[in-house]
Protein chains: 2
Amino acid sequence: MTSERIVAIFGATSVVPEIVVSRLPQYVRALTSLNDQGVSVVSSQQLGDMIQMTPAQIRKDLSYFGRFGKQGRGYSVKFLLGELRRILGLDRAWKVCLVGVGRLGRAILSYPGFGPQGFDIVAAFDADPRQVGQMVGGIMVQPMHRMEEVLDEFGIQIAIVAVPVSQVQEVFSQLVGCGVGAIVNYAPTNPQVPHNVRVRNIDPVLALQSMTFYLS
Amino acid sequence: MTSERIVAIFGATSVVPEIVVSRLPQYVRALTSLNDQGVSVVSSQQLGDMIQMTPAQIRKDLSYFGRFGKQGRGYSVKFLLGELRRILGLDRAWKVCLVGVGRLGRAILSYPGFGPQGFDIVAAFDADPRQVGQMVGGIMVQPMHRMEEVLDEFGIQIAIVAVPVSQVQEVFSQLVGCGVGAIVNYAPTNPQVPHNVRVRNIDPVLALQSMTFYLS
DNA sequence: GTTTGTGAAGTATTTCACAGCC
DNA sequence: GGCTGTGAAATACTTCACAAAC
């Protein structure tokens, strides 16, 4: 995977591979679970057992960002969790907008897992005039032409897209034009975006299709 | 990524990396779209432009399975699509069960994207006695203890899991014990499974958390 | 005695580049 | 002239293995 961001530590400069960054949230999740269980110290071996990774990989990944452990003892769960959350920018709340309030969009709005993790869906848009003005999950659905204004007003940098394939590229272009830097895409297609915009696709059909090869 | 399956072609034997298999469904999706548009021939360059991959990678990936193109012309869309669908096992219908018919499970059941792609959700299970016996999306919710019997009856090898984190490991173990070989997991946790069982996780929160690092 | 942090070694994956074919 | 298929080269990523720290 491509190298993706330069991090300066003690004046030295090193590049963190994107694949390493993509694993940090899993560490955060495991550490949160340990913390909730009252565990105060964990070794890379134990953490690796929890999430099916080798201890060496965990230590190597962490070493891109600093030295968080103690030889002979392991890592303080609270300290490492705090550091990783800070590194990932999870020590703050993020405002998120949803584009597309159809069946899937409404399911996303009613999913209770985003808020507690610091992702607040505070605005929703739809191209359908019949949806605009309706209240969905406590949010007033806005017309597409108000996007720039609304994103600005709330300081939104993240979008979740749940529109039909035929509209995805246009929606992405508009979001990027409004300064959005990260998009979760639920539509089964890969829109073009500039290199400085991150996209993660959620596609259960692709997930299924990538496994049938291995079934009898 | 680890090598994963041995394919014999003309008596020769080669190992296909799992990462290559995981990209084939994207090729299938792009080729399906081209076919629907009436395009009959495509080059690796054009295909690469559609899905943001290099032409060399596409050609290399395809070369693990055979020789599907014509020098100077490119690939027949219909032919390549058919071959890839056959290779992935998408030239048949797959029966799928859902475990967990709460809010998320019901959204999955009502998602219209699975059936047309050959994945039919034909059974549903839940541990909650109040759910058992109810009809959800035309399917009768079964108790967990009938899993083996029902999977056998329908010939189900694929499961979708949408249960609370606290129940995921137990559900996975039961599914594996019933012979399921592929699982799409919507719960935010990584259960242990034997190496011969495939798992794909769907987790929008993890997706969001892996992008905030790159935002200002 | 245990476990980290990390260069070095080992694999895996991607890209190059070109012969061969249309 | 254009494009595939593919060894070889380049790059990316993972694992090893051990000195240093507790």
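Order of the sequence lines sets the chain letters (A, B, ...), proteins ahead of strands, with each chain counted from 1. As a basis for the values below, the full set of heavy atoms in this structure was taken, side chains included, without hydrogen atoms, waters or symmetry mates.
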Given atom CZ of Arg23(B) and atom C1' of dT13(C), what is their separation to the nearest angstrom? 8 Å
Lys70(A) atom NZ is separated from dG5(C) atom P, nearest whole Å, by 9 Å
Indicate yes or no for a side-chain donor-acceptor contact from Asp203(B) to the backbone of Val205(B) under 3.5 Å, with no hydrogens or angles considered. yes
What's the CD-P distance between Glu83(A) and dT4(C), to the nearest Å? 17 Å
Are Lys95(A) and Glu153(A) ion-paired here, with the side-chain N under 4.0 Å from a carboxylate O? no
Flag side-chain contact, heavy atom, 4.5 Å: Ser44(A) against Tyr75(A): yes
What residues, two or more places apart in sequence or in another chain, satisfy salt bridge (Lys or Arg N to Asp or Glu O under 4.0 Å) together with Arg106(B)? none
Would you kindly give the CG-to-C1' distance between Leu62(B) and dT13(C), to the nearest whole Å? 16 Å
Arg73(B) side chain near dG1(D) phosphate (N/O to OP1/OP2, under 4.0 Å): no
Return the polar atom pairs (N/O with N/O) between nucleotides 17-21 of chain C and the protein under 3.5 Å, or none.
unit_1, atom_1, unit_2, atom_2, d
dA17(C), N6, Arg59(B), NH2, 3.2

Interatomic spacing from OG in Ser43(A) to CZ in Arg59(A) - rounded to 0.5 Å: 9.0 Å
Between dG5(C), dT15(D), dT15(C), which nucleotide gets closest to the side-chain atoms of Gln57(A)? dT15(D)
Regarding dG7(C), can its base be found pairing with the side chain of Lys60(A) as donor and acceptor, where the two atoms are less than 3.5 Å apart? yes
Just how far, in rounded Å, is P of dT13(C) from CG of Asp61(B)? 11 Å
If the condition is salt bridge (Lys or Arg N to Asp or Glu O under 4.0 Å), which residues does Arg85(B) pass it with, not counting sequence neighbours? none
Stepwise, does the side chain to side chain contact (heavy atoms under 4.5 Å, CB included) test hold for Val41(A) with Val77(A)? CA-CA 5 Å; Val41(A) 174; Val77(A) 170; 5.7 Å; no
Rounded to whole Å, the CD-P distance (Gln52(B) to dT15(C)) equals 13 Å
When the nearest nucleotide of DNA chain D is assigned to Thr54(A) and to Gly74(B) on a heavy-atom basis, which residue is associated with the more 5' position? Gly74(B)
In whole angstrom, give the distance that lies between atom CG of Leu80(B) and atom P of dT4(D). 11 Å
Taking salt bridge (Lys or Arg N to Asp or Glu O under 4.0 Å) as the test, write out the residues that go with Arg23(B), two or more places apart. Asp61(B)
So if I take residues 42-49 of chain A and measure heavy-atom distances to DNA chain C, which residues fall below 4.0 Å? Ser43(A), Ser44(A)
Could you tell me which residues satisfy salt bridge (Lys or Arg N to Asp or Glu O under 4.0 Å) with Arg86(B), sequence neighbours excluded, listed by chain and number? Glu83(B)
Given dG7(D), dT13(C), dG5(C), which nucleotide is nearest the side-chain atoms of Tyr75(A)? dG5(C)
Length of the line joining Phe65(B):CZ and dG5(D):C1', which is rounded to integer Å: 15 Å
